[in-house]
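Below you'll find the structure, written out as structure tokens, and then a few comments.
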Amino acid sequence: MSKLAVSVGSVRLKNPVLVASGCFGVGREYGELFDLSLLGGIVTKTVTREPRAGNPAPRLWETPSGMLNSIGLANPGIEVFIEKEIPFLNDVGCAVVVSIAGKVFEDFEELVRRLDPIECIDAIEINVSCPNVKEGGLAFGTSPETVESLVATLRPLTAKPLWVKLTPDATDIALIGRSAVNGGADALCAINTLTGMEIDVGRRVPRIGNIFAGLSGPAIRPVALAKVFTLHSALPDIPIVGIGGISEAGDAIAHMLAGASAVQVGSGIFRSPHLPLEVIRGIAEYCEFFDFAGARDITGALIIEG
Amino acid sequence: MPVDVVGKVTEKRLVARDTIRIAIDAPEVAKDARPGQFVMICNTVPTFDPFLRRPFAITGAEWGRIELIIRVVGWGSALLANLSEGGEVRILGPLGNGFPDPKGGVILAAGGIGIAPLLFASRRWPSAELLYGEPSLDWVCDLSREKFCHFELSTDDGSAGEKCNVVKLLRKRLAASPLPVFACGPEPMLEAVAKACKRAKVDCFVSLEEHMACGVGACQGCAVLTKDGYKRVCKDGPVFDARKIEWGKR
Ligand SMILES: Cc1cc2nc3c(=O)[nH]c(=O)nc-3n(C[C@H](O)[C@H](O)[C@H](O)COP(=O)(O)OP(=O)(O)OC[C@H]3O[C@@H](n4cnc5c(N)ncnc54)[C@H](O)[C@@H]3O)c2cc1C
Ligand SMILES: Cc1cc2nc3c(=O)[nH]c(=O)nc-3n(C[C@H](O)[C@H](O)[C@H](O)COP(=O)(O)O)c2cc1C
Ligand code: FES
């Protein structure tokens, strides 16, 4: 096994670096810039049962060391996704995680049923943390009871690992994480974007068409690290995938030290398309320099003195 | 296919008020670039302010160099305009679709910094006629190095060229003889250009602007509403058939 290889539960990754949902499509565009098979894995843009056009423009606004987005889960729907994107994903040569979201439980159930027989899918990421949709997003992800019963409903429908992506907007993320695990989640992904908003004071209007948006980028890294650390402390046996504000290798390593078994790189890719590869290289160098036998040994290796 | 490279700034000059023109050594980007395409650039310093790259239209792609005209409107453009010769930038491109090949003559209508992609078009298609409007003389880019088969200038205050806006120049030009139009500029101008072209029954292609994050089509952040639903300005555009745009709707 290579030094960089890690596992997230039963999912084996050739290295700990995945790309985050919504920041990479399915990889078609960035696949023109580098070899996708070098990645640990791709988490696809969240797919829903029906096609979604997405939210009104403007959908983006830059903030200090970060950005707001309100894409609104624009996607072609599961039917087209399976027909058009699965053949592409079948050949990417890295792990494939399909992110799903729905308005009601039945949507999630149908999505899992459709994805279950598809061989190239290594795991399903349940997105109950999107701040940019009215139903099913934060409304689900901030309620421990809903998260537990949703995961419990989906659990019997597939043998594929179920990852649950959590919101930092929940009052107690460990409570939500534990509920997901009680429902049968194999891993927890943290964090999705933080709910935010910006205002054009001259015109007295919100900067984003949908008013609220999700904050991502370097600005949220400290929040993300705190959430990963909190989850890992509360649930030391549950694999965690760290997401939030990774813009260089050191940020990914910080996530792993805090307890993440793997990481996802999101909006940092917009600035540096090759960032995932730089992070992979940086993790290898870190292992070498600090005498870690393998990347998996970085997980939770944070030293807390006193 | 786009590439992401570091390029050296080989030339820089002030061409109008708050507006610089730079040349960047980037042969891999210049190779296949076509008029209407753009690049996403940022400085090479590992800082996150600004965090995102900025999109700029390609003004020229000859001799392995990418030329850009940058007008300072905020922090990101100010940083780029402050680059000196010999400095380096990260440059991702060429991106977007670009203008279609005109089958014969074509009129280029530029409003303000919309001149940037249209100068490239006028070099690539020498029979193109250029109409260019700015608020006043100080904003008019120095075009003394360019050659045009036909050039008309307008300013809102009459300090240079005709005292009117560029849409009026276009209406007059179209009344003389109809030709297809390629336009770039602020949205209200483009909407007026689209109307004028519709009335004159000529094809009209507009290059749109939207805030961008990825610039390659992966994030869906740069959506524009068209008659066929939301399209990505960076990947499906930035050049669109004007008839397809749902003007003023989000
Ligand atoms: C395809 C494309 C091609 C472009 N080509 C050129 C060019 O050749 N020359 C040039 O000078 N500019 C061009 N622009 C506009 C340029 O990208 C913006 O002016 C720049 O991103 C502003 O960054 P800033 O940090 O200086 O401004 P900010 O501080 O981010 O904003 C200052 C002001 O500029 C506006 N703004 C910011 N980004 C954009 C944007 N992408 N489009 C429109 N308005 C924006 C903001 O709303 C604000 O009012 C182009 C934009 C696009 C989408
Ligand atoms: C433009 C954009 C679109 C996103 N779309 C999704 C999505 O569809 N599903 C999802 O679970 N997360 C989505 N996210 C959240 C990211 O996957 C990630 O959790 C978040 O951006 C934090 O990571 P970062 O700071 O590295 O960007 C999106 C983020 C951005 C910036
Ligand atoms: S800027 Fe990301 S899709 Fe256009």
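Every chain is numbered from 1 and lettered A, B, ... according to where its sequence line falls, protein lines coming before strand lines. What you see is a predicted model, and the numbers here were worked out from it, not measured in a lab.
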With rounding to the nearest 0.5 angstrom, report the CG to CD distance, Leu73(A) to Gln220(B).
10.0 Å
Distance from Leu68(A) atom CG to His211(B) atom NE2, nearest 0.5 Å?
12.0 Å
Out of Gly22(A), Pro273(A), Ala219(A), which one racks up the most heavy-atom pairs below 4.5 Å with chain B?
Pro273(A)
Measure distances from Met40(B) to the heavy atoms of chain A and classify the residue's part below 4.5 Å as side chain, backbone, both or neither.
neither
Around atom NZ of Lys227(B), are there more than 12 heavy atoms of other residues, nucleotides or ligands at under 6.0 Å?
yes
Need one label for Lys235(B): side chain, backbone, both or neither, based on atoms under 4.5 Å from any heavy atom in chain A.
side chain
Which pair of heavy atoms, one from Glu32(A) and one from Pro2(B), lies closest together, and at what distance?
OE1-CD, 3.2 Å
Portion of Glu210(B) that has a non-hydrogen atom of chain A nearer than 4.5 angstrom
side chain
Largest heavy-atom contact set with chain A, pairs under 4.5 Å, which of Phe51(B), Phe48(B), Trp75(B)
Phe51(B)
Tell me if the CZ atom of Phe212(A) is crowded by more than 12 foreign heavy atoms within 6.0 Å.
no
Using the rule given for side-chain contact (heavy atoms from CB on, under 4.5 Å), can you reason through Leu92(B) versus Leu33(A), listing the C-alpha separation, both sets of side-chain angles and the distance that settles it, and then say yes or no?
CA-CA 10 Å; Leu92(B) 169 65; Leu33(A) 289 162; 3.9 Å; yes
Would you indicate whether Trp247(B), at its atom CH2, is surrounded by more than 12 heavy atoms from other residues, nucleotides or ligands within a distance under 6.0 Å?
yes
Using a cut-off of 6.0 Å, state whether more than 12 heavy atoms not belonging to Glu79(A) lie near its atom CD.
no
Cys23(A) and Ala218(B) have their tightest heavy-atom pair at O-CB, 4.2 Å
Is it true that, when you exclude Glu248(A) itself, more than 12 heavy atoms of the residues, nucleotides or ligands shown sit nearer than 6.0 Å to its CD?
yes
Atom of Cys219(B), atom of Phe270(A) and distance for their closest heavy-atom approach
CB-CZ, 3.7 Å
Using non-hydrogen atoms and a 4.5 Å limit, figure out which bit of Ser267(A) sits close to chain B: side chain, backbone, both or neither.
both
Would you indicate whether the side-chain heavy atoms of Arg59(A) and Cys222(B) approach each other to under 4.5 Å?
no
So with a 6.0 Å cut-off around NZ of Lys12(B), is the heavy-atom count from everything else above 12?
yes
What do the steps show when you test Cys42(B) against Arg271(A) for side-chain contact (heavy atoms from CB on, under 4.5 Å), and what is the final call?
CA-CA 8 Å; Cys42(B) 62; Arg271(A) 183 180 178 89; 4.0 Å; yes
With a 4.5 Å cut-off on heavy-atom pairs, point out which of Met67(A), Glu29(A), Arg28(A) contacts chain B the most.
Glu29(A)
Let's test your reading of the structure: which of Gly268(A), Pro218(A), Gly209(A), Ala53(A) forms the most heavy-atom pairs below 4.5 Å with chain B?
Pro218(A)
